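Reading through the structure tokens given below for one structure.
Bear in mind the structure is a predicted one, so any value in this text is a computation, not a measurement.
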Amino acid sequence: MESYKKYSRSYFLPPVVTYDWVKKDYVDKAPMWCSVDLRDGNQALIEPMSLEEKLEFFKLLVKIGFKEIEIGFPAASDTEFEFTRALIERNMIPEDVTIQVLTQAREHIIKKTFEAVKGAPRAVIHVYNSTSVWQREQVFKKSKEEIKQIAIDGAALLKKLADETDGNFAFEYSPESFSQTEMDYALEVVNAVLDVWQPKAENKPIINLPMTVENMMPHVAACQIEYFNKNMKYRDNVVLSLHPHNDRGCGVANAEMCLLAGADRVEGTIFGNGERTGNVDIVTIAMNMFSQGVDPELDFSNMPEIRETYERLTRMDVSPRQPYGGDLVFTAFSGSHQDAIAKGMTCREESGKPDWKVPYLPIDPVDVGRTYDSDVIRFNSQSGKGGMGYILKNSFDIVLPKNMRDDVSYFLKGVSDETHSELTPDVIYDEFKKEFIDKESEFKIADVHFKQEEGIVATVSIKSKDGKTVDVVSAGNGRLDSVSNALKKHFGITYKLTEYQEQAMSSGSQSNAIAYVSINYNDKMYWGAGIDPDIIKASINALAVAVNRAMQ
């Protein structure tokens, strides 16, 4: 790939680089969150949302707990304008929620924007113009002073129209393509805008620093934010905001490091929707905080419902491996992983301690509306006895003897390998039942009668696979032993009963019992299981299955 030679680093370090942010090891409080799903996310959809779809999405964001929601670019289209008016005129904006609208720093667009937000109870007017070298030189063909003047004029017009328009307004400014702008120049532009607005503590403006194209490593972004945090004018009366994109796949890392560097606020989308590779995924940032014991102040406890609504309204798919929200993010197929998870869960139950320290699971899946049985341990040809045992125990109340697990596991892995498919819990149970409970490939025991003589004498009705039934009488030192001796006598075979276990499957007088029996036949172990309210019948059935499997 010789074409790499045409690329060079297009970011700018601050004039003075500091690394104070490195001294912090985690984000210790929730930032101010602003969802841009309805603007930045919506404009990136193949089929943008309709008015009614945007209204439903707005309700979802409010339910999650967003207090600031960028609802659109009302001067861009009739749908965007009508959506803004609908929220205001239908009184759909909760008292603790502020809407935000975007506008370029152009006079007619700003005026149209104020028409859209007239009467808003709380609205942030977000104005922007691009400041990057490439945009200045290639798109606008303007000098630094000319670009700065665009920002100043836009800021002044916002202040003027806010005074003349009915409503409650705050301001936000973004030097678009901040990440490709010289840091000292970006700071000069931002400070010039703040000089126009004269920030006050009771109505802080927002300075938003968008990584419009993510073009640098996260530590560089953190140094840029720290430079602004230390050098921006009116700092105590300004909200310092982030708007990371994900072109390098480091959007979350950028946001987290920049929060360490002094940012107060994050703009992003749920599941990372947005132009190109998308905006930063707020779900991931928030849940990362949650996983370290910090309240993110957003509610993702019903992740399946949130994801379903998102996918239906955006017609986008959440990847199975998307952190926290994907189908497979808590799923272990690997045998060693399954075994560790199963043991960790058992240890936690036995300890009674609330702390979450289960191997391979950074959070408890239940906390985001997932379940252990269908989400955590799933079975395929790569899985092991721990996972299989966990599924049978938790889904069907079947606790296999330790020495039986290998036999069952290898059998089920063979089924998965042959079918080239995952085995669901129901399929696992059905295959287990066919092979280890119901197997009658060579014979079945149709009936048994016992009487007490010298020991236990059993009359066993054995129906062979040719359809013939023969009664065989044999004695033993117990009921199971006498039936076993009858089978040996009838078929002329020799084996040794090696292990027997029984288990109550549920409480109550009508509950079933399950028995497990193993035999050693020709130096190989064969297992069978039987289920019946009568433990004797369950034991006989288990023995019959073990012998059937051995003879087959």
Side-chain angles (χ1 to χ4, degrees), residues 7 9-14 17-37 40-41 44 132 174 176-181 183 186 207-230 240-298 300 318-326 329 360-363 368:
Y7 300 104
R9 289 176 290 280
S10 59
Y11 58 83
F12 295 89
L13 282 166
V17 178
T18 57
Y19 290 96
D20 291 342
W21 61 270
V22 176
K23 300 171 186 176
K24 305 172 185 177
D25 65 337
Y26 72 105
V27 179
D28 60 1
K29 65 177 182 179
M32 300 166 65
W33 302 106
C34 178
S35 162
V36 296
D37 290 89
D40 210 346
S132 73
S174 288
E176 190 199 7
S177 301
F178 162 79
S179 50
Q180 294 169 303
T181 303
M183 290 296 103
I207 292 298
N208 186 56
L209 302 178
M211 297 164 203
T212 309
V213 177
E214 186 201 5
N215 65 329
M216 57 200 164
M217 294 178 71
H219 76 285
V220 175
C223 290
Q224 292 177 341
I225 298 304
E226 190 164 73
Y227 174 69
F228 267 70
N229 186 41
K230 291 182 175 182
L240 184 56
S241 178
L242 307 171
H243 186 107
H245 278 252
N246 199 40
D247 298 270
R248 287 167 51 101
C250 298
V252 169
N254 274 318
E256 291 181 329
M257 289 189 180
C258 290
L259 287 171
L260 296 179
D264 307 308
R265 181 177 184 266
V266 176
E267 293 187 350
T269 60
I270 59 173
F271 304 119
N273 185 30
E275 299 280 14
R276 304 179 310 279
T277 54
N279 290 65
V280 70
D281 176 17
I282 286 181
V283 174
T284 301
I285 305 173
M287 292 307 301
N288 284 353
M289 295 172 61
F290 180 86
S291 72
Q292 295 187 331
V294 178
D295 182 3
E297 299 177 13
L298 294 175
F300 294 109
V318 173
S319 166
R321 301 294 182 188
Q322 179 85 9
Y324 303 105
V329 295
Y360 298 111
L361 294 178
I363 68 166
V368 287

On a heavy-atom basis, the closest approach of Leu240 and Gly262 is CD2-O, 4.1 Å
The side-chain contact (heavy atoms from CB on, under 4.5 Å) partners of Ala263 (sequence neighbours excluded) come to Ile225, Leu242, Leu259
What one should report as the nearest heavy-atom pair of Val280 and Ala255 is CG2-CB, 4.2 Å
inquiry  = Using modelled atom types and a 3.5 Å cut-off, is there a donor and acceptor pairing between side-chain atoms of Arg248 and backbone atoms of Met216?
reply    = yes
For residues 274-296, the salt bridge (Lys or Arg N to Asp or Glu O under 4.0 Å) pairs (sequence neighbours left out) are Asp247-Arg276
Taking every heavy atom of Ser10 against every heavy atom of Phe12, the minimum-distance pair comes out as O-CE1, 4.0 Å
Flag side-chain contact, heavy atom, 4.5 Å: Gln224 against Leu209 | no
### Message
Main chain of Ile270, side chain of Asp37: is a donor-acceptor contact present, judged purely on distance under 3.5 Å?
### Response
yes
Taken in chain and number order and not counting sequence neighbours, the residues that satisfy ring pair (Phe, Tyr, Trp, His ring centres under 6.0 Å) with Tyr26 are none
Taken to the nearest 0.5 Å, the spacing of Asn254 CG from Ile285 CD1 works out to 9.5 Å
With sequence neighbours left out, the residues meeting side-chain contact (heavy atoms from CB on, under 4.5 Å) with Ala186 are Phe178, Thr181, Phe228
Tightest non-hydrogen contact, residues Met257 and Pro218, listed as SD-CB, 3.5 Å
Discussion item. Quiz question: by atom type and distance under 3.5 Å, do the side chains of Glu226 and Thr18 form a donor-acceptor pair?
Written reply: yes
Heavy-atom closest pair (Glu267 atom, Pro244 atom, distance to 0.1 Å) is O-CD, 3.7 Å
Quick note, ring pair (Phe, Tyr, Trp, His ring centres under 6.0 Å) partners involving residues 244-285, not counting sequence neighbours, are His243-His245, Phe271-Tyr310
Check the side chains of Thr277 and Asn246 for a donor-acceptor pair under 3.5 angstrom, ignoring hydrogens and angles. no
Quick note, salt bridge (Lys or Arg N to Asp or Glu O under 4.0 Å) partners involving residues 22-34, not counting sequence neighbours, are Asp20-Lys23
Rounded to the nearest 0.5 Å, the CG atom of Asn229 sits from the CG atom of Leu260 at a distance of 11.5 Å
Contact between Cys223 and Trp21 at the side-chain level, heavy atoms closer than 4.5 Å - yes or no?
yes
Residues Tyr324 and Ser291: closest non-hydrogen pair is OH-OG, 4.0 Å
